[in-house]
Number of protein chains: 2
Amino acid sequence: MATAQAALQTEGFQRALPANLTTRRYPAARSTDAVVALPGIAGPLQQLGQTMHYMRSEVVEDAGDPADYVYKVVSGTLRAVRLLADGRRHIAKFLTAGDYFGIAEGDDYTSGLEAITDCTLMRYPRNKFQTTLESDAAAGRQLFGQICRQLEASNHLLLLLGRKTAAERLASFLLSFCQHGNSEICLPMCRSDIADHLGLTIETVSRVITKFKQQRWISMQDASHIRITAPDKLEALAAN
Amino acid sequence: MATAQAALQTEGFQRALPANLTTRRYPAARSTDAVVALPGIAGPLQQLGQTMHYMRSEVVEDAGDPADYVYKVVSGTLRAVRLLADGRRHIAKFLTAGDYFGIAEGDDYTSGLEAITDCTLMRYPRNKFQTTLESDAAAGRQLFGQICRQLEASNHLLLLLGRKTAAERLASFLLSFCQHGNSEICLPMCRSDIADHLGLTIETVSRVITKFKQQRWISMQDASHIRITAPDKLEALAAN
DNA sequence: CGCAAGATTGAATAACCTCAACAGCTGTGG
DNA sequence: CCACAGCTGTTGAGGTTATTCAATCTTGCG
């Protein structure tokens with residue numbers, strides 16, 4: 001009972017601060033005023049959109065900022081970031097072409113949005129977005145579907161974070177990149193992004209990947225180019 | 001390197017099967033045909049609803065069942081359950097009065113729905129539900145808001161599961177029950193439900209609660225009746 | 001080249017889990 | 001009424017997994 005007693009006296013539960021909180025805000029993004037036709041979004045909304053360009057590592061929005069815009073990804077990869085007070089980070093979602101950000105928010109963004117690669121977004125004023133949705137049934141349906149898929153993805157990730165081992169998490173993660181039978185993966189995000197998405201550390205991510213490599217379940221050209229050589233083994237691990 | 005080597009040879013990554021998969025399907029729920037006016041849902045939808053009663057531990061829907069109905073909780077508490085192939089379980093959400101289930105699903109339910117307490121639900125045929133939504137803007141807005149709040153809750157839980165310690169998870173969990181300044185909590189769910197929601201084991205849940213009790217941050221009449229005596233300490237732990 | 005950032009690897013540690021025992025409560029049946 | 005079984009919850013001991021801390025390697029890039 002000695003350790004518990006000690007913890008009791010110090011009121012326990014402390015946690016060390018991580019050293020590096022590196023994400024910086026970069027100079028303002030370029031915006032082209034040209035109206036770009038977006039495949040997959042209904043007519044009226046196209047008029048409202050503004051094309052925005054962001055560079056690698058640039059912050060599009062911080063968590064806590066007033067949620068004035070809805071974004072749609074045209075190209076590139078971004079991360080939706082949440083932070084705890086002491087800097088621990090979680091990435092709820094990686095966004096790629098076709099994904100929306102900011103639809104489901106309240107007054108403020110509840111997570112930040114950061115560019116992982118150079119990327120192009122469409123930006124819609126949020127208030128006009130809402131009213132347009134109600135007048136345009138087709139667009140409304142589409143957005144509703146988007147939210148539903150996001151919810152499903154989040155709930156899927158909950159199971160992963162709540163109950164899967166490190167190896168299972170990485171197997172699931174890697175497999176999510178080769179839906180279409182292509183076994184060649186190009187990961188746009190770095191190890192720390194993967195770790196913060198899967199609730200692990202970069203060291204654990206690295207170790208598990210190394211183990212996969214040793215098993216010859218995957219092969220790697222470099223850290224971001226992975227070829228899945230035994231999808232059946234990974235699928236057995238992913239277990240869902 | 002001995003252990004890693006051994007793991008490599010056996011292809012590693014195994015995991016023991018949990019012994020008890022106890023949830024059973026009970027006899028069919030009673031349904032009263034009377035149409036009940038639901039506070040908070042718009043007119044036309046009320047006509048479609050059917051009131052359903054379920055008893056404690058009864059299964060409303062299993063994951064994988066065709067998603068034919070949308071449910072709205074009138075009273076009682078339920079759990080939304082996901083399982084891995086080997087029986088590991090996660091509870092994405094506890095549902096209470098006013099919560100919906102089945103809106104965001106595809107063809108099949110992606111999680112099961114089980115009554116924790118005796119409860120009353122409104123059941124709507126899903127196809128009619130959809131069409132009614134499109135014709136009734138107010139109802140559509142309301143449902144859209146529901147989904148958005150669900151998504152926000154899921155993303156909030158992602159951060160908890162991905163990055164919080166056991167003590168922090170339980171602090172967050174307990175605080176989520178006393179939003180309105182009342183420090184008396186009555187937990188309708190058992191320890192294993194809490195554990196499966198927070199990604200912990202029942203033993204860890206029990207130990208952390210004991211520790212909170214020893215710190216005099218909470219006091220307990222019995223296992224399900226908790227009084228929060230030091231909300232500031234718990235809030236500091238919850239850290240968000 | 002030399003530096004910085006990302007990635008990998010190793011050793012030690014901490015957090016949480018597993019297994020096991022036990023306590024408390026509830027309902028059942030003699 | 002009491003004995004008993006069954007279930008939930010608590011507690012302890014020991015093991016496993018993932019983390020932490022640290023060193024090394026790799027890869028651009030000015």
Side-chain angles (χ1 to χ4, degrees), chain A residues 1-8 12-24 56-57 88 116 161-170 187-196 198-214 220-226, chain B residues 1-8 10 12-20 22-24 56-57 86-88 116 161-170 187-196 198-214 220-226:
Chain A
M1 216 25 216
T3 52
Q5 203 69 18
L8 201 158
F13 309 132
Q14 288 85 351
R15 184 161 242 274
L17 280 164
N20 57 334
L21 301 175
T22 51
T23 307
R24 289 170 294 140
R56 198 167 75 80
S57 296
R88 277 173 287 169
I116 291 178
L161 292 176
R163 286 293 176 234
K164 288 190 184 179
T165 65
E168 290 168 344
R169 293 179 199 196
L170 267 153
L187 297 174
M189 70 292 289
C190 67
R191 294 291 186 264
S192 73
D193 285 340
I194 298 174
D196 286 343
L198 300 180
L200 301 169
T201 59
I202 52 175
E203 293 95 332
T204 299
V205 169
S206 189
R207 271 185 259 268
V208 171
I209 288 181
T210 299
K211 211 168 168 187
F212 285 171
K213 212 163 43 182
Q214 291 172 341
M220 283 167 61
Q221 201 166 10
D222 59 69
S224 59
H225 292 83
I226 296 179
Chain B
M1 198 57 197
T3 52
Q5 203 68 20
L8 202 158
T10 57
F13 309 133
Q14 290 86 352
R15 185 161 244 271
L17 280 164
N20 58 334
T22 52
T23 308
R24 289 171 293 140
R56 199 167 77 80
S57 295
D86 62 4
R88 277 173 286 169
I116 291 178
L161 292 175
R163 286 294 175 232
K164 289 190 184 179
T165 65
E168 290 167 345
R169 293 179 198 196
L170 267 151
L187 297 174
M189 71 292 287
C190 66
R191 295 290 187 265
S192 74
D193 285 339
I194 298 174
D196 286 342
L198 300 180
L200 302 169
T201 59
I202 52 174
E203 293 95 332
T204 299
V205 169
S206 188
R207 272 185 258 270
V208 171
I209 288 182
T210 299
K211 210 168 167 187
F212 284 171
K213 212 163 43 179
Q214 290 172 342
M220 282 167 62
Q221 200 167 9
D222 60 68
S224 59
H225 291 85
I226 295 179

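Letters A, B, ... mirror the listed sequences (proteins, then strands); counts begin at 1.
Applying the side-chain contact (heavy atoms from CB on, under 4.5 Å) test to B:Ile194 and every residue at least two apart in sequence or in another chain returns B:Leu170, B:Phe173, B:Leu187, B:Met189, B:Arg191, B:Leu198, B:Val205. Residues passing the side chain to side chain donor-acceptor pair (under 3.5 Å) test with B:Ser206: none are found, sequence neighbours excluded. For A:Thr204, the side-chain contact (heavy atoms from CB on, under 4.5 Å) partners at least two apart in sequence or on another chain are A:Ala166, A:Leu200, A:Thr201, A:Val208. The side chain to side chain donor-acceptor pair (under 3.5 Å) search around B:Ser224 returns B:Asp222, not counting sequence neighbours.
Distance A:Ile209 CD1 to D:dT26 C1': 16 Å, rounded to the nearest Å. Taking atom CE of residue B:Met220 and atom P of nucleotide D:dT8, one finds them 16 Å apart after rounding to whole Å. If you take CG of A:Leu170 and P of C:dA7, they are 13 Å apart, rounded to a whole angstrom. If you take CZ of A:Phe212 and C1' of C:dT9, they are 17 Å apart, rounded to a whole angstrom. B:Arg191 has its CZ atom 16 Å from the P atom of C:dG24, to the nearest Å. Rounded to a whole Å, the CG atom of A:Leu187 is 16 Å from the P atom of C:dG6. Across the protein-nucleic acid pair, A:Lys211 atom NZ and C:dT8 atom P stand 16 Å apart, rounded to whole Å. One atom, CD of B:Gln221, and another, P of C:dG24, lie 17 Å apart when rounded to the nearest Å.
Where A:Asp222 and A:Ala166 meet DNA chain D, the nucleotide closest to each residue was compared, and A:Ala166 sits on the side nearer the 5' end.
Using a 4.0 Å cutoff on non-hydrogen atoms, the parts of residues 198-207 of chain A near DNA chain D are A:Gly199, A:Leu200, A:Thr201, A:Glu203, A:Thr204, A:Arg207, ordered by number.
A:Met189 comes within 4.0 angstrom of nothing in the nucleic acid, heavy atoms only.
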> Step by step, would you call B:Gln214 with B:Thr210 a side-chain contact (heavy atoms from CB on, under 4.5 Å)?
Replying inline: CA-CA 6 Å; B:Gln214 290 172 342; B:Thr210 299; 3.9 Å; yes
>> Using the rule given for side-chain contact (heavy atoms from CB on, under 4.5 Å), can you reason through B:Ile226 versus B:Gln221, listing the C-alpha separation, both sets of side-chain angles and the distance that settles it, and then say yes or no?
In response: CA-CA 7 Å; B:Ile226 295 179; B:Gln221 200 167 9; over 6 Å; no
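Residue B:His225 holds its NE2 atom at 10.5 Å from CE of B:Met220, rounded to the nearest 0.5 Å.
Between A:Thr165 and D:dT17 there is no side-chain N or O to OP1 or OP2 distance below 4.0 Å.
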